[in-house]
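Note that these values count all heavy atoms, side chains included, but never hydrogens, waters or copies made by symmetry. Order of the sequence lines sets the chain letters (A, B, ...), proteins ahead of strands, with each chain counted from 1.
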Amino acid sequence: MEYRLRTDDNVVSCSVQKGEEESITLICGDRVLDVGYSVLSEHHLFIVLDGVGYNAYITRDTNGKSIVIRGIPFYIEDADRQIAVRKKNSTIQKDITPPMPSVVVRILVASGDHVKQGSGVIVLTAMKMETTLTAPFDGTVTSVNVAVGDKVMPGKILVDILELKETSPAGDGTAS
Amino acid sequence: MEEPSGPGIRNDCGIYSGFQVPVEYDPILSKLVVHAETRERAIGRMIRALREYVVLGIKTSIPFLIDVLQHRQFMAGETYTNFIETHLAEWRPSRDDIDCAYAAFIIDEITGMKKTRQSTQPEGAPLSPWQSLGGWGR
């Protein structure tokens, strides 16, 4: 059996041969490994690799598995599985909204200000930590919807920013 | 979740498998304390305890803490407030045991671990009560 496994943006080809009871021979990239194993529970696998025993703890989700060995987690995906979810650009947050219930500590912009992507917009405090939310793109602040001291919940838009799009030819001669 | 234990190791733990952390929580959910006769031994014990500390389902800073403890400057006691910027600014988790991780992934695939509870007893032996004990402190 062949597998192509991806972790940290590296893809490695592995081929497996089942050995005698509860052992396999694995060829990963250029390394040959003799592996014995014992399934201890749904999440716990005991592995003997080159004579050394390891406890591997496994959790699984739709895209791959997280495997913890000696305290270090490895997130591994099967590179051959087509997962539709990967195509969705779901992680870019475009709204200025708190990640958890917080209190507004400082407001760094005012209506009408121009902001650059990444610049600080508002500072919140939650669970004894301060978090600064930043502008997701270059733009203009169109409204500030909260005041210092307000308690805010995830989902509430704290500051509205209108994305700045090129509407006139830029100074370097490129036309839009 | 599996807590580390052993001589000189104390885990003051306020959580358990399945526990849901409420919004109004105290930032310290659990505290791992290690002591030993010398600084070097205490560091070694803490590294071992961290490696045995299993928390599945969330990310922890355990890999980072292990690398801090193993760092030559830390072991020598040469730590100043800029320790992280100076020595670990480009830190990424270690990948030493990657082959073991690949092996585990594949074994999980071929055995279908999550579908069946595999018995580790030889055929015909009576099922030991140890195998059917549920999780403690749930």
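A salt bridge links D108(B) with R60(A): the distance from a Lys NZ or Arg NE/NH1/NH2 to an Asp or Glu carboxylate oxygen falls below 4.0 Å.
If you measure heavy-atom distances from N55(A) to chain B, you find no contacts under 4.5 Å at all. Only the side chain of T59(A) has a heavy atom closer than 4.5 Å to any heavy atom of chain B. I76(A) touches chain B through backbone and side chain together, each having a heavy atom under 4.5 Å away. Contact of I98(B) with chain A is made through backbone and side chain together, with heavy-atom distances under 4.5 Å. Proximity to chain B involves both the backbone and the side chain of P73(A), based on heavy atoms less than 4.5 angstrom apart.
Closest heavy-atom contact between I66(B) and R70(A): CD1-O, 4.0 Å. When all heavy atoms of S94(B) and I72(A) are compared, the closest pair comes out as O-CG2, 3.7 Å. Closest approach of A101(B) to I67(A), counting heavy atoms only: O-CD1, 3.4 Å. Shown here for D78(A) and F105(B), the closest heavy-atom pair between the two residues is N-CZ, 4.0 Å.
Annotation: maximal heavy-atom pairing with chain B below 4.5 Å, among D8(A), V16(A), V68(A), occurs at D8(A). By number of non-hydrogen pairs under 4.5 angstrom with chain B, the leading residue of R31(A), K128(A), M1(A) is R31(A).
Expressed to the nearest 0.5 Å, how far CD1 of I24(A) lies from CD1 of I107(B) amounts to 4.0 Å.
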